[in-house]
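Side chains included, hydrogens not; waters and symmetry mates left out as well; all remaining heavy atoms used. In what follows, residues are counted from 1 in the order of the sequence shown.
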Amino acid sequence: MEPLRPSDPPRIGGCRLLGRLGEGSTGLVYLARSVGGTLLALKVLHRPRRPYRGQAVHHPFLVPVVGGGTDENGTWMAYPYEPGPALPLAVAAHGPLPRRSVRALGGMLAGALGALHAAGLTHGGLHPGKVLLAADGPRLTDTAGPVVRGDEASDIFALGQVLVYAATGRTPYDDPAELADVPRSLLEVLQACLDPDPALRPVARELSEELGGNQGEGWLPPALTAEIAARAQHAPVGEGHTGGPHGVQAGERQAPHQRRGRHSRGYDAVGSGLVGPPAPRPGAAGPTEPGTAAAGGEPTAEPATGTPTRRGLIALAAGGLVVAGGTAFGAWLVRRSKGRTGAPGAAGARWTIGLHVDLSGPQARYGRGQYRGITMALEELNEHGNLPFQLELAVHDDVGDPPSAARAAAELAADPAVLMVIGPTGDAVADSAARVYQDAALPVLSLSVGNLAHRADYPVLLHGRPGTGTTGLAIPGCLAAGEHPPARIGLVDDRAADTHSWLITRAVSGAVDRTRVALVPRVLPAGTEDFAPVTAELLAEGVDAVVYGGLPDGAARLALALRAAGWSGTAIAGEAAMDPLFLSDAGEAAEGWRFVAGHTDPASDTRAGGFAPVHRRRFGEDPEPYAAEGYDAARMVVIAMQRTLEEGESLNRANVLRRLRILTYNGVARPLAFDRAGDYAGTGPAAYQYEVEAGRFRFLGPVAAPTTGSDE
């Protein structure tokens, strides 16, 4: 909760204001105490779409308006408290709901909408952030609007989007047919809700009957039920706030049996799901045009329909950090921090996530992937996350150059609003940047960095993937699982790749079962151009598989030499060699080569659900490497920020880092978690395997590391 500001009135509607809970696009929400001592969420609308009419609708799954009016402060409404998490937070922390829970959610929300519609009202702003979860059913917030012809069908359309989000973790953008990962048992009814013709959508009563309108206790997965119970145990506080961001003083909460009846006006606290932008409406306007004012009155930059340009986004000498992200629902401004409001650490302030990437150097495709994945996540969270703070994204391109990386890190570290940095992209710049971030105590979450030379010196750095050595440990398993497991493996350590090659070849050497497989190691001096001699040596030793630790140009030379010698065994390399340059240089000799990498391919990985179709719709092409990982990283950082506030702590770099260290996030790409050193400790695969087929890298699937063996 943020303290009141001098411009805030002391009272509204006879209620004494205690603090600010947050501000969304529709209004500013205060914690307020009524004359009788009840604590409420009091929302002052920015631009009232309709007058407050004071009509209450009673239903077990509605959070009703318990008061409201219009005075010199504007139009306001008061709501009771619900401690459960909003749906986006629950999905982000626990993953999509099982289909039984989604059916129950749909039936109960349809019943709540049916009660509104029967009273001549519509919700008119339903989206996932308006749905709070409780052990005995959901709670639909922000429910006061006069009926408008056709709005009942719009509510059903919005409910369909909410249920798709609950089932998949994503909302269908502008195409209701984008339901690839919706369970088949739900598909038909959700397609009906999202029918482009409003007349063909079911009414709320029909939907409630179809899905089951009153599920009661036990409708959620056990882990989520346990979190809701834990939240209920934390008594919110009012003045002298030390608990979560939305709270009342201890001792003022009603007993559970007193809170079961939702018809009473005697609610005890505030709603945690009241702040957030309005839901998309069918036929609503698209993104704000470039150069025009967004809803908040600020000019937008160019829509980020692809990769940010160096001219419009990154000019390190000039400090250019402006990007813009547009969604099918409306424009979302991602801009350099200026004009921030709120005290440091306050819930309602603006905060920045830094993105330190290579967008125009040797690993630009990794940088673009991360930029786009993070953009998707922040757009979704901004639209549906019901966040108690405002987020910005500051993007720096280090062009893959260590001095530029140090300068980029220094600029991000110097901005006190930057709570967290995601990046950098490559091993070559990682130490230069990490040193700056460590000196500034600015936490960093790296996604594509495989190894740091001085890892122990950087406790602020978190590894979002297994290291290069760990991915190398997976190679013997990949070879053994083939149709013809090798008996003699040639191990080529190319010193042109320095540490990467050494880590890969050392890991393979330690993981191979020497009782079954013989190793034939060879070391190539840096700068070796002619690979024919080492090829001849390997073939003379009778190798039936080759592991290469170097870079794409060297891998291409080795592939051509092996093909010229008529060799037909299996060749496999690390992520550093898995580059389009290898495909172009090796040509037909690239066919059949395999690679292990730290990133998945969400277009082919069935565990990534509908990420790729949404990415294609957003950016017009398939995801590049580390797009799904970037999406996960951004959502995990925001969860850490939310949890920090819920625990009554200030939002600062140290608290966010501490929270990230203990979080586990079930991501689209892989589960994310960290050990005490900050290295990857999730339960995801050690690596992902790819094979060149028809001139493309084809995804083969995840691979695990052996339980024993060396690591970096």
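A side-chain donor-acceptor contact under 3.5 Å links His500 to the backbone of Gly549. In terms of modelled atom types and a separation under 3.5 Å, the side chain of Asp493 and the main chain of Val523 share no donor-acceptor contact. In terms of modelled atom types and a separation under 3.5 Å, the side chain of His615 and the main chain of Glu621 share a donor-acceptor contact. Judged by distance alone, the side chain of Thr375 and the main-chain N or O of Tyr371 form a donor-acceptor pair under 3.5 Å. A distance-only check finds a donor-acceptor pair linking the side chain of Asp427 to the backbone of Gly450 [under 3.5 Å]. No donor-acceptor pair under 3.5 Å is formed between the side chain of Ser432 and the backbone N or O of Pro403. When atom types are taken as modelled, the side chain of Thr528 and the backbone of Leu524 share no donor-acceptor pair closer than 3.5 angstrom. With Glu691 contributing its side chain and Phe699 its backbone, the two residues share no donor-acceptor pair below 3.5 Å.
No donor-acceptor contact under 3.5 angstrom links the side chains of Glu380 and Tyr165, judged on distance only. Between the side chains of Arg407 and Ser404, at least one donor N or O sits under 3.5 Å from an acceptor N or O. Judged purely by distance below 3.5 Å, without hydrogens or angles, the side chains of Asp494 and Tyr548 pair a donor atom with an acceptor atom. With 3.5 Å as the limit, one finds no donor-acceptor pair spanning the side chains of Ser448 and Gln363.
Taking the six-membered ring for Trp and the full ring otherwise, Tyr626 and His599 have centroids separated by under 6.0 Å. Phe582 and Phe595 have their aromatic ring centers within a separation under 6.0 angstrom.
Counting only heavy atoms from C-beta outward, the side chains of Val395 and Leu359 approach each other to under 4.5 Å. Using a 4.5 Å heavy-atom cutoff, the side chains of Phe674 and Leu445 are in contact. Looking only at side-chain heavy atoms (C-beta outward), Leu660 and Met636 come within less than 4.5 Å of each other. Counting heavy atoms from C-beta on, the side chains of Thr168 and Phe611 never come closer than 4.5 Å. With a 4.5 Å cut-off on side-chain heavy atoms, Leu672 and Tyr680 count as touching.
With respect to the salt-bridge test (charged N to carboxylate O, under 4.0 angstrom), the residues Arg465 and Glu575 qualify. A salt bridge links Asp679 with Arg455: the distance from a Lys NZ or Arg NE/NH1/NH2 to an Asp or Glu carboxylate oxygen falls below 4.0 Å.
Judged by the 6.0 Å and 45° rule, Arg653 forms no cation-pi pair with Tyr437.
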Would you check, one step at a time, whether the test salt bridge (Lys or Arg N to Asp or Glu O under 4.0 Å) holds for Arg522 with Glu541?
CA-CA 11 Å; Arg522 291 293 185 272; Glu541 292 281 354; 3.8 Å; yes
Trace of the salt bridge (Lys or Arg N to Asp or Glu O under 4.0 Å) decision for Arg516 with Asp513 = CA-CA 6 Å; Arg516 299 183 178 182; Asp513 183 351; 3.8 Å; yes
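In this structure, Pro402 and Ala428 approach most closely via the heavy-atom pair CG-O, 3.6 Å.
Heavy-atom contacts from other residues, nucleotides or ligands closer than 6.0 Å to CZ of Arg607 number more than 12.
Between Glu624 and the choices Arg368, Arg616, Arg365, the salt bridge (charged side-chain N to carboxylate O under 4.0 Å, His left out) rule is met once, by Arg368. Val508 pairs with exactly one of Ile572, Leu479, Val547 by the side-chain contact (heavy atoms from CB on, under 4.5 Å) rule, that one being Val547.
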